[in-house]
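What you are looking at is a predicted structure, and each value in this text was computed from that prediction instead of being measured. Worth knowing before you read on, the calculation uses all heavy atoms, side chains too, and leaves out hydrogens, waters and symmetry mates. Chain letters run A, B, ... following the sequence lines, proteins first, then strands; residues in each count from 1.
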4 protein chains.
Amino acid sequence: MPKVGMQPIRRSQLIQATLEAVDQVGLSDASIAYIARVAGVSNGIISHYFQDKNGLLEATMRHLMAALSGAVRQRRSTLHDDTPREHLRAIVAGNFDDSQVSGPAMKTWLAFWAASMHQPSLRRLQRINDHRLYSNLCCELRRAMPVDQARSAARGLAALIDGLWLRGALSGDAFNIEQALHIAYEYLDQQLAKAEDSNVGANSFAKGSAAAPFNTPGQTSDLLSD
Amino acid sequence: MPKVGMQPIRRSQLIQATLEAVDQVGLSDASIAYIARVAGVSNGIISHYFQDKNGLLEATMRHLMAALSGAVRQRRSTLHDDTPREHLRAIVAGNFDDSQVSGPAMKTWLAFWAASMHQPSLRRLQRINDHRLYSNLCCELRRAMPVDQARSAARGLAALIDGLWLRGALSGDAFNIEQALHIAYEYLDQQLAKAEDSNVGANSFAKGSAAAPFNTPGQTSDLLSD
Amino acid sequence: MPKVGMQPIRRSQLIQATLEAVDQVGLSDASIAYIARVAGVSNGIISHYFQDKNGLLEATMRHLMAALSGAVRQRRSTLHDDTPREHLRAIVAGNFDDSQVSGPAMKTWLAFWAASMHQPSLRRLQRINDHRLYSNLCCELRRAMPVDQARSAARGLAALIDGLWLRGALSGDAFNIEQALHIAYEYLDQQLAKAEDSNVGANSFAKGSAAAPFNTPGQTSDLLSD
Amino acid sequence: MPKVGMQPIRRSQLIQATLEAVDQVGLSDASIAYIARVAGVSNGIISHYFQDKNGLLEATMRHLMAALSGAVRQRRSTLHDDTPREHLRAIVAGNFDDSQVSGPAMKTWLAFWAASMHQPSLRRLQRINDHRLYSNLCCELRRAMPVDQARSAARGLAALIDGLWLRGALSGDAFNIEQALHIAYEYLDQQLAKAEDSNVGANSFAKGSAAAPFNTPGQTSDLLSD
DNA sequence: GATGAATGAGTGTTCATTCAT
DNA sequence: CATGAATGAACACTCATTCAT
C-alpha cells in the first residue's frame, strides 16, 4: 500500500473527507476517527500529513478560501466589460459559487466561523477572508463613488452577501442562488444609482459605473425576477 | 443552604454562566465543569435543573431569543407612529439591541447556529427565530408593497441584518451599532422608495432611489403609510 | 459508591497502586489504566484526585521521601546517646528502612531518578532528597571533624549509601540490609577514626565529637586538599 | 547513495544518535522517529540494522559496556607495578572514564538501569556489568586479604563507585572526577590498610598492598595525585 | 540500501452523566 | 437542595513496526 509521492493526494483526500464529515455530523462530532473512516484511511495518517487535527481544519479552511478566491477570480477574468458593476457582480456571484453554497461547504464555513472566535489559527484565516471580500468590493466601488460612500456600500454589500449566505445555510434547504443573486444585485445597483445621482450635473459618470438601463426599475425587475 | 424556590434563580444563574463560559472559551470548551465553576456551583446541579447539557444550551438559546423578542417588542410598543417604516426600523433596531450584540451573546448565537445544523432541539429554535424575523419584516413590508416584493425585501433585509450582525461578531471589535443601523435603515428606505415608485403609476418623478424625502421622517411616514 | 471525604483514602490508595504497578511492570508500562486496575478503580479517578499522571507520580515520590524522612527521624529520636556516631548510624539505617528497600520502593525510586533527569517536577524533588541526605550527614560529621573533612566524608557516605541501595535494587534479590549496614557503618567508623587520629595530642576525644581543634585551617587544608 | 559495507557505520551512527537522544529528551521520549531524526536517517532504517527498538537499545548498552571495559582494560595495561592497589585504582578510574561520566552516558546508563528491572535483555546485560565490576574488584582484593574480607570490600567499593557515579549523574552538574577518585581511592586504601593490620605479626604483606604508609598524610598526598 | 507511507493499538486526558451522601 | 465522588466511553495524539517502492 505505501507509495511515495502520496502527500498531495492524501491531503486533498483528507480535506474532502473533513468537509463530508462536518456535513454529516458537524464539526464537534467530526472526530479524527470519523474523518479517517470517511476517507477510508487509518487514524494515524492524519498526524502524518497534518501536524494535528487543527492542522487539518486549517488546511480545510484554506481549501474553502482558495475555492472562493478561484470562483471570484475566474468570473472577473471573463467579464464583458471592465465596469465596476461587472466586477462587483462577479465578486457577488463568486461568493455564491457552487463550491461555496454546497451543504458541506456551508456547514463547514459556519462551523469554522464559530470556532474561529476562540482558535487563533482559524481566526487569522477568517479575518483574511472577511477583509478580502470587503477590500475587493470597496476597491471597485471606489471607482464609482467617493471613498466614504464606497466604504459604506462595501460594508452593506459584504453584509448582505454573508447574510444571504448565512440564512441560506441555516435554512436547511438547498441554497437558492438565483434569489440570493437577485437581492444582492439589486442592492448593488441601488448603491451605484445613488452614487450616480449624487454625480448628476457634474456629469462625471464618464469614469462611471452603472449604465443607464440598469437604473430602470422596470427592466431590472423583469430581467431578474424569478 | 438549600432553599425552596431556588429554581428560577438557579436557572438564570446557570444560563448567565453559560453565556460567560461560551464567551470565554467557546462552546466546545464550555464543559459542564467549566460552566459550573463560572456559576460557582457544583457540577451535579446542572443535571438537577436542566435534564442534561443540551437542556442547558437549549434554555440558553431560548433566553437569547426571548431577549431578542423583548428588544423588538419594546421598541415597537413605543413608536411615534404606526407606519410600516417605524415598525420596520424598530425591528431592525431590536436586532441590534445591546443584549444581542454583546460579546457573550454574539459568540453564543454563532456557536448555536453552527451547532443547530446537527442538533434537532437547537435547530427547531433557530428556525423559529429565523422565521420570526422574516415574518415580522414581511408582515410590515406587505403594508407598503405587493406581497412578492415584500417577500423579497424581507429576505434582503433579514439577510442584511444577519450579515451585519455576523460580520460584527466576526470582526472581533466592539459592535458598531450606529453603522449597522445606518446601512440597514438605508436599505429599508430604498426598498420602501422602490415600492413607492412602483405605486405612483404615472408620476414616478424620480428614476430612482431619491434620497432626500425619505430622510424626513414626517414626509416619509406620510408617503408610506397605507 | 461515591462518598464524601474520600480524598485522603483515595490518594493513598492510588499511591500504593502506583508503587505496585511500577514494581510489576516498570514506570514506562505503568499506564494510568494499569494503575487504576491495580487500585481497583476507574481510569478517570486519577485525574479527579491528581491533576494528571505527573501529579500522581510526584505524589508517589513525595510519599517515598516522607517515608524516608520518617524512618530517619524515628531512629534519631530514640538514640542511646547524642553522639554524632549514633546520629549518623541512625541516618544510615533509616536509608535502609524496610519502606525504602522493598521491591516496589526500590524500583520506583530508580525509575523516578531516571525520569527526574528530564522532568522538572521530579527533578526538584530528587534534588531536595539528595541534598537532605548529604546535609544531614554533613551536619553530624561536622561535630566530629573539620568542615572540609566532613564534607568529603558526607559525600562518601552518601554515595556509599546510595550505591549500596542501587546495587541492591539492581541485584534482583531481596535487599540484604545487614550486609549494607555493615559496610556503611564500617565506612562511617573509619571516617570518624581518621578524624580522631588527626586529633591526637589535644585529647578532646572525650565526648567523641569534639569540635575546636578541627577548625584549624592549616591542618585541615593540608589533610584534605585534593 | 546506498553503499555496501555500511552496516558498521550505520550501527555506530545510530548508537551515537540514541545516546544523544536519551541525553536530550530521556529514554521514554527517545522515540525511533526522534532518534532517526537525530541521526539524520529515515525511521525505517532502524529496523533494518537492529531488529527493533529494543535491539537498538541493547546495542547501545553494549556499546557503553564495551567503552567501560575498554577504559578499565587500557588503564590496567599500563600500570607502574602489578600490585593489587594499582589494579584496583585502575578499575576505579576506568569507571570514571570520560566515556562513562559524560552527560549522554550517565543519563543513558541510568535509564537503562531503570529499564533493566523489567526488560530481560537489558537486565542480562546489566547483571553482567554489575558482576564484572564486583568480580574484578574482588579478584584483586583477594590478593591482599582473605576472601570474606575481599568480598565485603568489593561490595563496598563497587557500591561506592556506583554511588559516586549515581550522585554525580543526578546532581545535574558536570561530574567531578577528581573528587570521586579521591573518595574512592581513600576507601580503597582504608580497606587495604585494614587488611594489612590484620596481617601484622605474620608478615605476609609481601604479596600485599602496602599498609602503613597510607595513613601518613604526606605520603598519601603524593600517592593520590595523578 | 534506504525511504517514508501506512497502520492500529495504546497513551493520557476530558467529559457528561449518575448517584450516595 | 446540593455536593462531589465515581464512572467509562471518547477524544486527539504518539508510536513501533511493516512494507511497497
Find the distance [X]:[atom1] to [N]:[atom2] and express it as a whole number of Å.
{"X": "C/Ile46", "N": "F/dG8", "atom1": "CD1", "atom2": "P", "value": "14 Å"}
{"X": "B/Arg37", "N": "F/dG4", "atom1": "CZ", "atom2": "C1'", "value": "14 Å"}
{"X": "D/Ile35", "N": "F/dT17", "atom1": "CD1", "atom2": "P", "value": "11 Å"}
{"X": "C/Leu27", "N": "E/dG12", "atom1": "CG", "atom2": "C1'", "value": "14 Å"}
{"X": "B/Arg11", "N": "F/dC1", "atom1": "CZ", "atom2": "P", "value": "13 Å"}
{"X": "A/Phe50", "N": "E/dA5", "atom1": "CZ", "atom2": "C1'", "value": "14 Å"}
{"X": "C/Tyr34", "N": "E/dA9", "atom1": "OH", "atom2": "P", "value": "21 Å"}
{"X": "A/Asp29", "N": "E/dC15", "atom1": "CG", "atom2": "P", "value": "15 Å"}

Look at the side chain of [X] and decide which nucleotide, out of [options], has an atom nearest to it.
{"X": "D/Ser42", "options": "E/dT3, F/dA2, E/dT13", "value": "E/dT3"}
{"X": "B/Val41", "options": "F/dC15, F/dT3, E/dT3", "value": "F/dT3"}
{"X": "B/Lys53", "options": "E/dT3, E/dT17, F/dA2", "value": "E/dT17"}
{"X": "D/Ser31", "options": "F/dA16, E/dG4, F/dA6", "value": "F/dA16"}
{"X": "D/Tyr49", "options": "E/dT3, F/dA2, E/dG1", "value": "E/dG1"}
{"X": "A/Asn43", "options": "F/dC13, E/dT7, E/dA16", "value": "F/dC13"}
{"X": "C/Met6", "options": "F/dA16, F/dC13, F/dA6", "value": "F/dA6"}
{"X": "D/Ser47", "options": "F/dA16, E/dA5, F/dT18", "value": "F/dT18"}

Which is true for C/Ile32 with a 4.0 Å heavy-atom rule: it touches a base, it touches only sugar-phosphate, or it touches nothing?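 Base contact - C/Ile32 has a heavy atom under 4.0 Å of at least one base atom.
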Measure the CG-NE2 distance between B/Leu68 and B/His63 for me, rounded to the nearest 0.5 Å.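 Nearest 0.5 Å value for the CG-NE2 distance: 11.5 Å.
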CZ of B/Phe112 to CG of B/Leu64: how many Å apart, nearest 0.5 Å?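 Going from the CZ atom of B/Phe112 to the CG atom of B/Leu64 covers 6.5 Å.
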If only atom types and distance count, is the side chain of [X] paired as donor or acceptor with the main-chain N or O of [Y] below 3.5 Å?
{"X": "A/Ser12", "Y": "A/Pro8", "result": "no"}
{"X": "D/Arg10", "Y": "D/Ile45", "result": "no"}
{"X": "C/Lys107", "Y": "C/Val22", "result": "no"}
{"X": "D/Gln13", "Y": "D/Ala39", "result": "yes"}
{"X": "C/Arg123", "Y": "D/Leu170", "result": "yes"}

Using heavy-atom distances to pick each residue's nearest nucleotide on DNA chain F, tell me which of A/Ala33 and C/Ile45 is more 5'.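 The residue whose closest nucleotide sits nearer the 5' end is C/Ile45.
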In terms of the nearest nucleotide of DNA chain F, which residue is placed more toward the 5' end: D/Gly44 or B/Gly44?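 Counting from the 5' end, the first nearest nucleotide belongs to B/Gly44.
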Nucleotide pairing, DNA chain F (Watson-Crick or G-U, distances under 3.5 Å), in dot-bracket with [ ] and |: .||||||||||||||||||||
With nearest nucleotide decided by heavy atoms, which residue, D/Arg10 or C/Ala30, maps closer to the 5′ end of DNA chain E?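 That would be D/Arg10.
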Apply side chain to side chain contact (heavy atoms under 4.5 Å, CB included) to the pair D/Asp29 and C/His118, showing each step before the final yes or no. CA-CA 9 Å; D/Asp29 286 341; C/His118 296 94; over 6 Å; no
For D/His48 and E/dA2, is the shortest distance between a side-chain N/O and OP1 or OP2 below 4.0 Å?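 It does not, given that no N or O in the side chain of D/His48 lies less than 4.0 Å from OP1 or OP2 of E/dA2.
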